[in-house]
Amino acid sequence: MPVEETILAGLNAQQREAVTTTEGPVLIVAGPGSGKTRVLTHRIAYLLSVRHIDPHQVLAVTFTNKAAKEMRDRLERLVGAQINGLTVGTFHAFCARVLRRDGERVGIAQDFTIYDDADQISVMKQALRDLNLDPKQYGPRTILSTISAGKSNGVTADEFAGLASSYWEEIAGRVYPVYQRLLRLHNALDFDDLLLMTFLLLTTRQDVLDRYQHRYRYIHVDEYQDTNHVQYRLVKELAAKHQNLCVVGDPDQSIYGWRQADIRNILDFERDFPKAKTILLEQNYRSSRRIVDAAQAVISMNTQRKQKHLMTENADGPAISVREHYDEGQEAQFVVQEIQRLVTVGPYRPNDCAVMYRTNAQSRILEEACIRFGLPYQLIGGTRFYERKEVKDVLALLRLVHNPSDGAAFERIIDNTPLGRGIGKQSVAALNAWARAHNTAAVAGCRALVEGMEPLPPVTGRPATGLADIARFVAGMRATLHDTGIVAFFDALLERSGYLRMLEEAGIDEADRVENVNELRSVVADYEMLEAPQALATFLEEAALVSDQDMYNRTADDTEKATLITLHAAKGLEFPVVFIVGAEENILPHSRSQESAAELEEERRLFFVGITRAKERLYISHVFKRTVWGNEQYATRSRFVDSIPPDIIEEIGSSTRRLPAVSPPQTNATRWETHPQPLPHREGSNGHAGQTRVPLPASGGGQGVGFRAGDRVSHPKFGDGAVVSVRDLGDDQEVTIAFVGAGVKKLMASLARIEKRR
DNA sequence: GCGCCCATAATTTTT
DNA sequence: TTATGGGCGC
């Protein structure tokens with residue numbers, strides 16, 4: 001069979017068109033389960049094998065390492081060695097590569113370090129100190145996200161202040177340049193910088209742009225609906241010469257608007273590229289007809305979308321199960337036991353099943369149920385490997401050796417490793433002030449202390465010795481780097497820093513920390529074949545850009561586990577059986593998303609993503625009563641569920657009870673209690689299945705709810721104030737109050753001792 | 001400089 | 001409810 005036939009075999013008409021339309025801009029709008037990845041890989045295979053395009057001229061960008069790896073693997077299976085020279089990678093990895101190669105043209109050193117969230121916060125705190133801004137009033141996180149939004153929209157430090165349109169942005173506008181200067185001093189870039197700096201490089205250095213434009217004749221972007229403004233402009237620049245840009249995405253699966261993903265990039269593609277050809281992939285090969293119908297019904301409630309109709313030739317499949325449970329404990333128990341039932345009855349295995357939820361906080365109760373009823377599970381998300389304290393500590397040591405200017409690593413080492421013993425806030429502040437005055441890195445100050453060279457940082461005694469030791473440590477490790485392998489270097493680093501000894505001396509409760517350090521060592525060992533300096537650089541780069549997904553895939557060889565996952569993280573996956581739990585107002589849609597129609601639509605898309613992960617069976621559940629932050633509140637079924645046509649639903653246990661949002665003063669709200677045992681509810685106690693619940697008369701509490709904006713109130717600690725706004729949370733309220741002396745506070749009506757004044 | 005205790009806050013998180 | 005960070009006391 002000719003190559004062309006092989007590549008096009010089994011594709012439907014639209015898919016074929018998407019694969020063979022290689023010239024000019026192409027927008028592929030790919031519904032869930034429509035063979036998007038297949039189209040993308042086959043298209044590249046077609047370019048290489050049929051059109052005989054040099055792989056060096058083909059670029060494919062994705063958002064995750066996992067997607068990049070999958071694309072590469074599938075391509076290799078299709079065309080074998082022809083993929084050599086092909087560029088497949090995440091946006092960030094691609095940009096990092098460009099900057100390592102050509103960044104010097106815009107003042108970025110070749111060995112820059114990539115800063116993660118924690119590093120950014122450490123730098124931001126320093127910036128706030130430099131500006132004498134109170135970090136309590138101006139939360140480092142919040143300022144960072146404002147700056148991040150700016151960077152994602154292509155706004156530089158110089159431009160930001162001029163564009164500020166609120167007091168908050170004005171503050172951010174003052175901080176941004178200082179933050180940026182510190183990053184530069186540390187020889188570091190944050191994630192947003194990778195994109196923005198690459199964009200700036202390409203738009204200010206014509207020769208560099210020419211080179212990349214010339215090289216990449218064919219450009220592909222996966223998950224195009226998730227691109228932000230900078231990514232969009234970057235792609236547009238790269239594709240400007242050849243115009244062979246193929247973007248694939250689904251606006252209905254855009255769930256990262258809060259990360260500045262700009263849904264307009266896909267909605268407006270045809271306007272931006274007038275010659276663009278749009279291909280709709282509407283046939284779903286993944287899910288049963290009922291699931292597809294449910295998804296279609298839900299998503300069609302959105303107004304901001306590109307019209308498309310999902311359809312499938314798959315069988316109807318079983319009805320969609322919608323259930324109300326008493327509380328999240330019952331819900332979790334049902335889910336776990338239902339999975340066990342499906343496994344017993346067949347033909348399902350635990351790993352065919354996934355439980356999806358809106359927030360990570362919901363996973364705990366599910367985990368507990370899995371443990372209690374003996375269902376093996378795999379939790380996705382949670383604390384990532386690279387976010388573990390000990391892993392970050394060791395990474396900080398490695399980073400400082402690699403890039404001695406790395407101030408965030410330096411601070412981390414002082415705070416968390418034996419090298420920092422005896423060095424306190426005072427000394428660090430003095431050193432930082434000195435570094436700022438001399439426009440150099442803190443480590444340079446340590447070096448000055450070793451050599452006794454002027455100008456000396458104003459630190460003496462024990463702290464000075466400690467700082468000098470750090471400089472000696474860095475210099476010593478750098479010296480050995482050239483004559484050992486990376487693993488020997490890693491071991492020497494743990495030894496000389498005293499870090500491993502510190503963990504071991506901490507005893508058994510730190511045993512898994514040692515374990516994690518060993519795990520990190522085994523990752524490092526993968527780079528042993530490289531020269532140590534190169535190995536270190538490559539390892540650090542990949543550690544900075546790798547997400548947890550890739551890590552856990554490494555270890556997820558056991559296939560007999562059910563998956564617990566957030567709806568966000570579930571995008572791109574599929575499972576025969578899917579449970580969506582917590583389908584309630586204020587959870588899904590999340591309470592924080594109810595302010596604007598756009599956010600609400602994004603929540604609906606999130607629900608849509610969840611539904612469309614299911615191939616055969618879909619369970620949606622909500623509860624009567626949910627405990628949030630230790631408060632019991634009555635829940636209302638999510639409005640999203642109501643848009644699923646009743647005839648494809650099997651509804652069980654749904655009561656018509658709908659309590660008013662706020663309990664009336666003479667409360668007849670019902671308090672429920674576990675009966676008969678266990679009393680009290682103890683963790684680890686078992687045999688608590690099948691308990692019955694009986695209503696008990698209400699008592700106590702309840703007082704103090706029913707506030708309205710404008711109410712004058714007083715609080716024993718904060719004094720007098722006025723209610724600014726009220727958010728109803730089932731039977732409680734979150735009240736925002738402006739106090740005369742104490743400022744604005746958010747308080748829970750049921751907990752805080754707020755009294756109405758008149 | 002270190003460590004404990006209490007106040008505070010609390011979505012989602014591809015990189 | 002839980003996690004984290006800052007402040008205060010030693």
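The figures that follow rest on heavy atoms only: side chains count, while hydrogens, waters and symmetry mates do not. So that the names make sense, note that chain A is the first sequence line, chain B the second, and so on, each numbered from 1.
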Legend entry - Nearest-nucleotide pick for Thr359(A), side chain only, options being dG1(B), dT13(B), dT11(B): dT11(B)
Inset, instruction - Answer with yes or no whether the side chains of Asn65(A) and Glu542(A) bring together a donor and an acceptor at under 3.5 Å. - result: no
Legend entry - Touch class at under 4.0 angstrom, heavy-atom based, for Gly572(A) against every strand present: nothing
Legend entry - Per Tyr256(A) side chain, nearest of listed nucleotides dT11(B), dT14(B), dG1(B): dT14(B)
Legend entry - Sidechain N-carboxylate O distance under 4.0 Å for Glu599(A), Arg592(A): no
Inset, instruction - Find the distance Ile380(A):CD1 to dT14(B):P and express it as a whole number of Å. - result: 11 Å
Inset, instruction - Tell me, yes or no, whether the heavy-atom count around Arg100(A) atom CZ, taken from other residues, nucleotides or ligands under 6.0 Å, exceeds 12. - result: yes
Inset, instruction - Under 4.0 Å between any heavy atoms, over every strand shown, what does Asp226(A) touch: base, sugar-phosphate, or nothing? Just pick one. - result: base
Inset, instruction - May I ask you to evaluate whether Asn631(A) reaches the phosphate of dT1(C), defined as a side-chain N or O under 4.0 Å from OP1 or OP2? - result: no
Legend entry - Interatomic distance where CZ belongs to Arg129(A) and C1' belongs to dG5(C) [whole Å]: 14 Å
Legend entry - OP1 or OP2 of dA10(B) under 4.0 Å from side-chain N/O of Asn360(A): no
Inset, instruction - Not counting sequence neighbours, which residues clear salt bridge (charged side-chain N to carboxylate O under 4.0 Å, His left out) with Arg639(A)? List them please. - result: Glu585(A)
Legend entry - Interatomic distance, Asp117(A) CG vs dG5(C) P [rounded to whole Å]: 13 Å
Legend entry - Between C1' of dT11(B) and NZ of Lys571(A), the distance in whole Å: 17 Å
Inset, instruction - Write down the distance between CD (Glu603(A)) and P (dT12(B)), rounded to a whole number of angstrom. - result: 11 Å
Legend entry - Contact nearer the 5' end of DNA chain B, comparing Gly420(A) with His568(A): Gly420(A)
Inset, instruction - Give one of base, sugar-phosphate or nothing for Ile423(A), where a contact means two heavy atoms less than 4.0 Å apart. - result: sugar-phosphate
Inset, instruction - Output all residues satisfying side chain to side chain contact (heavy atoms under 4.5 Å, CB included) with Asp73(A), sequence neighbours left out; order by chain, then residue number. - result: Lys69(A), Arg77(A)
Inset, instruction - Could you tell me the separation between the NZ atom of Lys389(A) and the P atom of dT4(C), rounded to a whole number of Å? - result: 11 Å
Legend entry - Salt-bridge contact Asp250(A)-Lys36(A) (side-chain N to carboxylate O under 4.0 Å): no
Legend entry - N/O donor-acceptor pair, side chain Arg358(A) with base dT12(B), under 3.5 angstrom: yes
Legend entry - Phosphate-side-chain proximity, Ser593(A) and dT12(B), N/O vs OP1/OP2 below 4.0 Å: no
Inset, instruction - Measure from CG on Asp262(A) to C1' on dT14(B) and round the result to the nearest Å. - result: 17 Å
Inset, instruction - Can you figure out which of dA3(C), dT11(B), dT13(B) approaches the side chain of Arg364(A) most closely? - result: dA3(C)
Inset, instruction - Let me know the distance between NE2 of His590(A) and P of dT13(B), rounded to the nearest Å. - result: 11 Å
Legend entry - Shortest side-chain distance from Gln426(A), nucleotide among dT12(B), dG1(B), dG6(C): dG1(B)
Inset, instruction - Taking only the side-chain heavy atoms of Arg421(A) (C-beta and beyond), determine which of dT13(B), dT11(B), dC2(B) contains the nearest atom. - result: dC2(B)
